[in-house]
Amino acid sequence: RNGEVNHQGLRGRDLMSKKSDVGQWSQFNRGRPLFQTAGIQEYDRAMARLLQRLIKPFKVIVEYGCGDAVWTEYLASQHPTKRFVGVEWNEELFNYASNVRKPGLENLELVKADMSRPEGIIPCDFFFCFGGIEHFESHTEILRAWTEKLSLDGQCILTIPNLLNR
């Protein structure tokens, strides 16, 4: 959390990677059930245990690049007294999540926004981003912008894909 970030210096899509294949990413990230996908069941269980433990003391939890919001929905259903916000910039994934994920969960909010712009950066106690930060050209700038909105005792977790497993 060291340093200040000048949001005027963040230029929205300028921070997004030009290598990102939106169509392919949308197909992979839409409708995958947790704990049931062959080959990554153990990963899902391990991440669920880790997230459950890490979010315990916090009230507002944000997922940047929530995709179809499967993790945000899962956590919101497990913790009805906490507020969960899923932020997604991809319109196809956001629309899917909005139609499928939210029913009955008063503590879940989905936001369609560019996560490198001030309106897409949500004040929170804890945030996570699974396989999303690598889609930004400036990892340092975006991480600084996100942590600037993190509470002083807040925490975060980020993962990146292991491209060697392709």
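For this chain, numbers begin at 1 and follow the sequence in order.
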| request: Check the pair Ser116 / Phe136 against side-chain contact (heavy atoms from CB on, under 4.5 Å), numbers first and verdict last. | output: CA-CA 8 Å; Ser116 66; Phe136 293 90; 3.9 Å; yes
| said: Between Asp125 and Ser151 (side chain of the first, backbone of the second, donor and acceptor by atom type, cut-off under 3.5 Å), is there such a pair? | reply: no
| field | Spacing of Ile55 atom CD1 and Gln78 atom CD [to the nearest 0.5 Å] | value | 9.0 Å
| said: Show the nearest heavy-atom pair for residues Ala113 and Gly120, with the distance to one decimal. | reply: CB-CA, 3.6 Å
| task | Just jot down the ring-ring contact (aromatic ring centres under 6.0 Å, His included) partners of Phe128, sequence neighbours excluded, or say none. | result | Phe130
| Which pairs count as salt bridge (Lys or Arg N to Asp or Glu O under 4.0 Å) when at least one residue sits in residues 69-87, sequence neighbours excluded? | Glu73-Arg101, Arg83-Glu109
| Between Asn107 and Thr81, is there a donor-acceptor pair closer than 3.5 Å when you use the side chain of the first and the backbone of the second? | no
| said: Side chains of Ile142 and Ile133, heavy atoms from C-beta outward: is any pair under 4.5 Å? | reply: yes
| Can you check whether Glu63's main-chain N or O pairs, donor with acceptor, with Thr72's side chain at less than 3.5 Å? | no
| Under a 4.5 Å side-chain heavy-atom rule over Ile, Leu, Val, Met, Phe, Trp and Tyr, are Tyr74 and Val60 clustered together? | no
| message | I need the Lys112 NZ to Asn90 CG distance, nearest 0.5 Å. | response | 8.0 Å
| field | Separation between CD of Glu137 and NE2 of His139, rounded to the nearest 0.5 Å | value | 9.0 Å
| Rounded to the nearest 0.5 Å, what separation is found between the CG atom of Asp68 and the CG atom of Leu110? | 10.0 Å
| task | Walk me through it: do Phe84 and His79 pass the test side-chain contact (heavy atoms from CB on, under 4.5 Å)? | result | CA-CA 9 Å; Phe84 291 87; His79 301 275; 3.9 Å; yes
| field | Spatial distance of atom SG (Cys156) from atom CD1 (Ile61) [nearest 0.5 Å] | value | 13.5 Å
| query | For the side chain of Thr147 and the backbone of Leu150, is there at least one donor-acceptor N/O pair under 3.5 Å apart? | reply | no
| Less than 4.5 Å apart, any side-chain heavy atom of Ile157 and any of Phe127? | no
| note | On a heavy-atom basis, the closest approach of Glu88 and Cys66 is OE1-N, 3.4 Å
| SB check Arg45 Glu42 (cutoff 4.0 Å) | yes
| said: Check for me whether the distance between the ring centres of Trp89 and Tyr64 falls short of 6.0 Å. | reply: no
| remark: Smallest heavy-atom separation, Val87 atom then Met115 atom, equals CG1-CG, 3.4 Å
| said: Strictly distance-based, threshold 3.5 Å: is any side-chain N or O of Trp71 a donor or acceptor partner for the main-chain N or O of Cys129? | reply: no
| remark: To the nearest 0.5 Å, atom CG of Leu158 lies from atom CG of Leu143 at 6.0 Å
| task | State whether the side chain of Glu148 and the backbone N or O of Trp146 hold a donor-acceptor pair below 3.5 Å, judged by distance alone. | result | no
| side-chain contact (heavy atoms from CB on, under 4.5 Å) between Phe58 and Gln155, intermediate numbers included | CA-CA 9 Å; Phe58 301 115; Gln155 295 180 11; 4.0 Å; yes
